[in-house]
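Everything on this sheet refers to the single structure shown next.
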Amino acid sequence: MRAPSTREANPVIREQLAAALRDELAALGVDAPTEVHLEQPARREHGDWSTNIALASAKAAARPPRELAAELAERLNAASIPHVERVEIAGPGFVNFHLAPTWLHEVARRVIDDGEEGFARLEIGRGRRAMVEFVSANPTGPLHAGHARGAVFGDALARLLERVGYVVAREFYINDRGTQMAKMGHSIAARARGESPLEDGYHGAYITEWAADLPLDADPIEHGYAKALQDQRETLALLGVVFDHWFSEREMVESGAIAQTLTDLADRGVTYEADGATWLRSTDFGDDKDRVLVKSDGEFTYLLPDIAYHRDKFGRGFDLLIDVWGADHHGYVPRMRAALSALGHGADQFDVAITQMVRLLRDGDEVKISKRSGQLIELREIVDELGSDATRLVYLQQSVDSPQSVDLAVMLAQSMENPVFYVQMAHARLCSIRRVAAERGIERGSLAETDLGPLRHERELEVLRTLNNLPSLMEIAARDHAPHKVASWVRELAGAVHGWYHDCPVLRDDVDDQTRQARLWLADAALVGLRVGLSVLGASAPTSM
RNA sequence: GCCUCCGUAGCUCAGAUGGAUAGAGCAGCGGACUUCUAAUCCGAAGGUCGCAGGUUCGAGUCCUGCCGGGGGCGCCA
């Protein structure tokens, strides 16, 4: 997905500086690149904002970059740009802007005015409809630890896309027909008779439990199906993951969608018969081999219902489909993509987010999970012990592109390895300031009447700088389908808040009233940022801890 | 063999559009509570960014090739 850049995502100051740069370059007779690149240097002495534009334009202008930069800086210093104190050149030809703290005071006002609802809410999606399909576990048992990453990631991605202007639906595809269901049924029936399931059946303790209340006249498959669905739904709800729709494969097949899909594909001339089977010409659409849709025995492969399902999604009016799959299904992407192309859908309308494996550890030793023996760690156990917030934050900390190691013992001990406490604590502390201020009857003036000038402490500026970054970060995170970037940001803001809290007292007696007023508003701005971040991650923002 | 993800501090991991002296947490070391929550803060220490080439004024980031690890390559799901 390529999200177009939007004005909303770009902090005001950036636009102003970029415009000034364009103007001065034009005055110097240099063709400015279409995008003026501005960034915040890592080092303070390099200013608040920096551009490499002289380096980038040097070749086209046929002039040494430092010379170009020097002229540019001179002109920019002469032009009076709001908030800009001075412009310097440095290194091979960087142009560095040093700004007055007033630019950050404007940031504070904007954050507070926008509030939790409006701050860093973008219009990149422009109301387009996106579906995120995730978890989609077989309805043959409880969810286990292996489902956690996809569940948490999918939901956070959905929240992120909502934040940037998509209308998002969350969907769970229920694979409720086929061999796995039959195996579960047999296993339940066996336990009900007091026997052991077959070697390749299901051996988890839950099968025995489900068998115990199997009504005499009930179909064991249907009984287990109902149990599994209920359990999965409850567990996900405990994690704060609620689906808009649970889509039944069985119902889809019964509706005739399979035949319809085959007809569709045949009409487009992308199928053929060979060796008694029906094939999809997926190699014409980027796959490395053609794929069987209907086997020579007349049964269809698992691919065909999946194609029918995605065809159904588009039929329901979604503009963008995102599937969240585990790394073990990675090889399946090209054929799915090929099938959808064959049906005439654009490559940019379908994306698959692959979540790499999670290595489960307990006190540093790897926990081997075995489906056969039924030795699974249930997701419910983790959520029960840790709580939804901490579970989510643990999984959302890292990019899903990276294999992840999660130590259950460390997690369950609720140690400082878990970032949720750090972030929530920052929020609780700010709330505490408000609470105590109210208790002491401290009145606060309106924002418009408050002079934010006293906010000059480096800790204060750091909080505001971090807040200023959220809109553009949100844009990038959405574009990259990377909610972990929001998790990193929120951690960063929490760090800035803790530092500020430590060095910048608000209610202490020796703080003058002007400063106190300004700091109360700073706390408000930071609260907005923490809440926006936590809400995208799906974690709560407690007012006390 | 082919495809794909990963390789950054002792450990777990961040590092958007290539930028200036590569960051954080945890563990360990040394400090800071008469205060709005010390679940916090500060300091020191800790790095051949897997290796080798290439592109570039500039590469952890882009390209190529290796090395190491995970996952996948069925008329299984």
Side-chain angles (χ1 to χ4, degrees), chain A residues 5 35 37 39 41-43 45-46 50-52 55-56 58-59 64-66 90-94 96 138 175 178-180 274-279 288-289 291-297 299-303 305-306 326-334 354-357 359 361 364 397-407 410 414-419 421-422 424-426 428-437 439-440 459 472-473 475-477 479-480 482 484-485 487-489 491-492 494-495 497-511 519 523 544-545:
Chain A
S5 186
E35 288 247 347
H37 177 67
E39 64 177 28
R43 303 182 60 78
E45 63 263 33
H46 292 144
S50 176
T51 181
N52 66 349
L55 289 156
K59 199 168 274 180
R66 259 191 89 90
F94 291 104
N96 296 337
N138 285 337
N175 205 300
T179 52
Q180 296 306 313
D275 305 325
T278 305
W279 296 70
D288 57 354
K289 59 182 80 162
R291 305 291 171 178
V292 172
L293 296 174
V294 183
K295 298 190 266 184
S296 50
D297 65 3
E299 292 289 313
F300 39 78
T301 61
Y302 55 92
L303 178 60
D306 272 0
D328 52 341
H329 289 78
H330 201 157
Y332 190 58
V333 175
I354 299 294
T355 64
Q356 295 299 318
M357 297 287 171
R359 239 174 103 229
L361 309 171
Q397 273 230 299
Q398 271 115 56
S399 161
V400 289
D401 286 342
S402 300
Q404 188 175 28
S405 296
V406 170
D407 194 312
V410 173
Q414 307 213 348
S415 71
M416 287 311 295
E417 303 265 344
N418 196 312
F421 305 108
Y422 187 81
Q424 291 186 329
M425 177 69 183
R429 280 181 141 180
L430 296 176
C431 290
S432 167
I433 295 175
R434 278 181 162 183
R435 204 161 38 236
V436 174
E439 283 164 15
R440 296 186 189 172
R459 296 288 207 177
S472 56
L473 179 125
E475 177 179 353
I476 292 157
R479 182 198 64 196
D480 295 347
H484 81 277
K485 292 183 189 224
S488 295
W489 178 87
R491 218 250 156 236
E492 198 178 311
V497 165
H498 283 305
W500 172 77
Y501 183 93
H502 191 266
D503 286 355
C504 300
V506 180
L507 304 176
R508 216 166 62 186
D509 289 344
D510 60 343
V511 177
R519 285 181 175 171
S544 67
M545 289 180 75

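Below, each value reflects all heavy atoms present in this structure, side chains not excepted, and no hydrogens, waters or symmetry copies. Here is how names work: the chains are called A, B, and so on, in the same order as the sequence lines, proteins then strands, and each is numbered from 1.
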Side chain of A/N96 (C-beta onward), nearest among B/A20, B/A16, B/U21:
B/A20

Side chain of A/F94 only, heavy atoms from C-beta on: which candidate in B/A14, B/C75, B/G19 is closest?
B/G19

Find every protein N or O atom lying less than 3.5 Å from an N or O atom of nucleotides 56-63 of chain B, and list the pairs.
none

Closest approach to the side chain of A/N138, judged atom by atom: which nucleotide of B/A77, B/C36, B/U35 is it?
B/A77

Please determine if a side-chain N or O atom of A/H46 lies less than 4.0 Å away from the OP1 or OP2 oxygen of B/G19.
no

OP1 or OP2 of B/C13 sitting under 4.0 Å from any side-chain N/O of A/S405?
yes

Consider the side chain of A/M425, meaning its heavy atoms from C-beta on, and name the nucleotide among B/C73, B/A39, B/C42 that approaches it most closely.
B/A39

Syn/anti state for B/C11 [syn: chi within 90° of 0]
anti

Using OP1 and OP2 only, check whether a side-chain N or O of A/R359 sits under 4.0 Å from B/G71.
no

Do we count A/H502 as stacking onto B/A38 if the rule is ring centres under 5.5 Å and planes under 30°?
no

Return the value, rounded to whole Å, for the distance between atom CG of A/L430 and atom C1' of B/C36.
10 Å

Both A/G495 and A/L303 contact RNA chain B. Taking the nearest nucleotide for each, which residue is further toward the 5' end?
A/G495

I'd like a list of close polar pairs between nucleotides 23-26 of chain B and the protein, N/O only, cut-off under 3.5 Å.
residue	atom	partner	partner atom	Å
B/C26	O2'	A/E417	OE2	2.4

Interatomic distance where CG belongs to A/D297 and C1' belongs to B/C76 [whole Å]:
12 Å

Is A/R440 close enough to B/C36 that one of its side-chain N or O atoms is under 4.0 Å from OP1 or OP2 there?
yes

I want to check one thing: is the phosphate of B/G74, taken as OP1 and OP2, less than 4.0 Å away from some side-chain N or O of A/K295?
no

Return the nearest nucleotide to the side chain of A/F421; candidates are B/C75, B/C36, B/A39.
B/A39

Using a cut-off of strictly less than 4.0 Å, decide whether A/K289 has a side-chain nitrogen or oxygen near OP1 or OP2 of B/G74.
yes

Distance between the C1' atoms of B/U35 and B/G18, in whole angstroms?
47 Å

